Amino acid sequence: MSGSIVWETRLPDLKIPPTLPGGPRGSPTYYHGLLWVAGGSRVYVLNPNTGAVLSMYYIGGRMGIVNPVIAGGTMYL
């Protein structure tokens, strides 16, 4: 790898620059071939090769620095 950026993705529903807590400041989690990232009031599922948003789940509230942890098929935020 050259260290160059492979892809960039803007997550829907998040304003840039962030004006409220909840921007995706935590690390994504790689699980079953997908990237899972928490931001704002949602969990987003990304294609790790292209950065495309494949799905998003409304959780509610505002997440700060959150690193999703998946164990036994359950996600912990």
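Note that this is a predicted model, so its numbers are computed, not measured.
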Output a table of donor-acceptor pairs, distance under 3.5 Å, between side-chain atoms of residues 63-77 and any protein atom two or more places apart or on a different chain; print 'none' if there are none.
unit_1: Asn67; atom_1: OD1; unit_2: Ser27; atom_2: N; d: 2.5

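Applying the side-chain hydrogen bond (donor to acceptor under 3.5 Å, both in side chains) definition to pairs two or more places apart or across chains, those involving residues 42-52 are Asp13-Arg42.
In plain terms, the two heavy atoms of Ala52 and Thr9 that are nearest each other are N-OG1, 4.4 Å. Of all non-hydrogen atoms in Trp36 and Tyr57, the two that sit nearest each other are CZ3-CE1, 4.0 Å.
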Full working for side chain to side chain contact (heavy atoms under 4.5 Å, CB included) between Leu35 and Val45: CA-CA 6 Å; Leu35 287 177; Val45 184; over 6 Å; no
For Tyr58 and Val43: C-alpha separation, side-chain torsions, deciding distance, then whether side chain to side chain contact (heavy atoms under 4.5 Å, CB included) applies. CA-CA 7 Å; Tyr58 178 76; Val43 171; over 6 Å; no
Set out, in order, the CA-CA distance, both residues' side-chain angles and the distance that settles side chain to side chain contact (heavy atoms under 4.5 Å, CB included) for Leu54 and Leu46, then state yes or no. CA-CA 5 Å; Leu54 303 175; Leu46 306 178; 6.0 Å; no
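Side-chain atoms of Ser41 do not come within 3.5 Å of backbone N or O of Arg62 as any donor-acceptor pair.
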